[in-house]
Amino acid sequence: VINARHFALRHTDGRPRLLISLVRDITVAQRALSDLEESERRFRELVESMDDGVYVSDGARAQCLYLSPQTAALLGMSPAIVVDTVNIAATLSALVIPEDRSILARQAEQERQHEPTDSLLRLDIPGRGIRWIHHMSRSRHLLSGESRIYGRLSDVTDERQQALELQHARDQAEAAS
């Protein structure tokens with residue numbers, strides 16, 4: 001694939017004096033762009049087919065760089081929300097019930113130290129009530145000097161409820177014997 005540009009230099013009376021042609025082979029650049037687009041398509045296909053929510057934010061969690069549709073749904077946000085306007089730290093903090101905020105604060109401290117995190121939080125989701133959310137994150141320092149936080153959110157309310165019911169049944173069976 002080539003890219004050609006032509007420029008005509010003219011005399012003062014407007015007659016063409018010289019034609020300059022600039023021709024570049026852009027095959028490699030076109031192939032790289034095509035490969036990048038294909039990689040992004042596969043990434044979105046994978047992430048958008050998951051039940052879990054996935055997000056990428058800056059190191060301070062002040063700006064969300066990527067927010068999967070499922071993440072917005074898990075947090076009770078509109079799917080049409082603009083990613084740049086989401087402050088994931090403030091969003092999570094506002095939804096986490098007061099008793100679990102210390103867990104979220106500890107998770108944020110681990111992220112600042114670039115340690116992987118794994119927490120179980122209770123969030124009060126508008127219209128859905130209290131939900132148990134498994135929140136995992138990993139911080140990464142990029143070569144550019146910036147930091148990124150990669151997070152995954154899973155609604156484990158049903159599993160948690162089943163575990164509590166099983167424990168209650170065990171306790172009742174033990175008390176009966």
Exercise answer: donor-acceptor pairs, residues 124-133 side-chain atoms, under 3.5 Å, sequence neighbours excluded:
from	atom 1	to	atom 2	distance (Å)
Arg128	NH2	Asp155	OD2	2.9
Arg131	NE	Asp155	OD2	2.9
Arg131	NE	Thr157	OG1	3.4
Arg131	NH2	Asp155	OD2	3.1

* Asked: Could you go step by step and tell me if Glu146 and Arg148 meet the side chain to side chain contact (heavy atoms under 4.5 Å, CB included) rule?
  -> CA-CA 7 Å; Glu146 297 176 299; Arg148 296 277 188 269; 3.6 Å; yes
* Asked: Taking a hydrophobic cluster as the set of Ile, Leu, Val, Met, Phe, Trp and Tyr residues connected by side-chain heavy atoms closer than 4.5 Å, whether directly or through intermediates, do Leu65 and Phe43 fall within one such cluster?
  -> yes
Side-chain polar contacts of residues 169-177 - donor-acceptor pairs under 3.5 angstrom, sequence neighbours left out - could you list them?
from	atom 1	to	atom 2	distance (Å)
Asp171	OD1	Gln167	NE2	2.9
Gln172	NE2	His168	NE2	3.1
Ser177	OG	Ala173	O	3.4
Ser177	OG	Glu174	O	3.1

* Asked: How many angstroms lie between OG1 in Thr117 and CD in Glu109, if you round to the nearest 0.5 Å?
  -> 12.0 Å
* Pairwise distance CZ(Arg160) to CZ(Arg122) - rounded to 0.5 angstrom -> 8.0 Å
* Say you draw a straight line from CG of Leu153 to CE of Met136; how long is it, rounded to the nearest 0.5 Å? -> 11.0 Å
* Tell me yes or no: between the side chains of Ser137 and Glu111, is some donor less than 3.5 Å from an acceptor? => yes
* Cationic N near anionic O, under 4.0 Å, Glu38 to Arg41 -> yes
* Structure fact -> Tightest non-hydrogen contact, residues Arg101 and Ala94, listed as NH2-O, 3.9 Å
* Asked: Where the side chain of Gln70 meets the backbone of Asp51, is there a donor-acceptor pair that is under 3.5 Å apart?
  -> yes
Output side-chain donor-acceptor pairs under 3.5 Å for residues 27-36, partner residues at least two apart or in another chain, one line each.
from	atom 1	to	atom 2	distance (Å)
Thr27	OG1	Val1	N	2.6
Thr27	OG1	Val1	O	3.3
Thr27	OG1	Asp25	OD1	2.6

* Cluster overlap Met50 with Tyr150, hydrophobic side-chain contacts below 4.5 Å -> yes
* To do: Check ring-ring contact (aromatic ring centres under 6.0 Å, His included) between His134 and all other residues, then give those that pass, not counting sequence neighbours.
  => none
Return a table of donor-acceptor pairs under 3.5 angstrom between the side chains of residues 2-11 and protein atoms on other chains or two or more places apart.
from	atom 1	to	atom 2	distance (Å)
His6	ND1	Ser21	OG	2.7
Arg10	NH1	Gly14	O	3.1

* If you take all heavy atoms of Ser68 and Val47, which pair is closest and at what distance? -> CB-CG1, 3.5 Å
* Partners meeting side chain to side chain contact (heavy atoms under 4.5 Å, CB included) with Ile103 (sequence neighbours left out) -> Asp100, Arg106, Ser119, Leu121
* To do: Determine, step by step, whether Gln161 and Asp158 satisfy the side chain to side chain contact (heavy atoms under 4.5 Å, CB included) criterion, reporting the C-alpha distance in whole Å, the side-chain angles of both residues, the deciding distance to 0.1 Å, and the verdict.
  => CA-CA 5 Å; Gln161 190 62 36; Asp158 294 340; 5.7 Å; no
* Ser57 OG to Tyr66 OH distance, which is reported to the nearest 0.5 Å -> 14.0 Å
* Interatomic spacing from OG in Ser147 to CZ in Arg112 - rounded to 0.5 Å -> 11.5 Å
* Asked: Between NE2 of His135 and CG of Asp52, what distance do you get to the nearest 0.5 Å?
  -> 11.5 Å
* Can you name the closest pair of heavy atoms from Leu120 and Val156 and give their distance? -> CD1-CG2, 3.5 Å
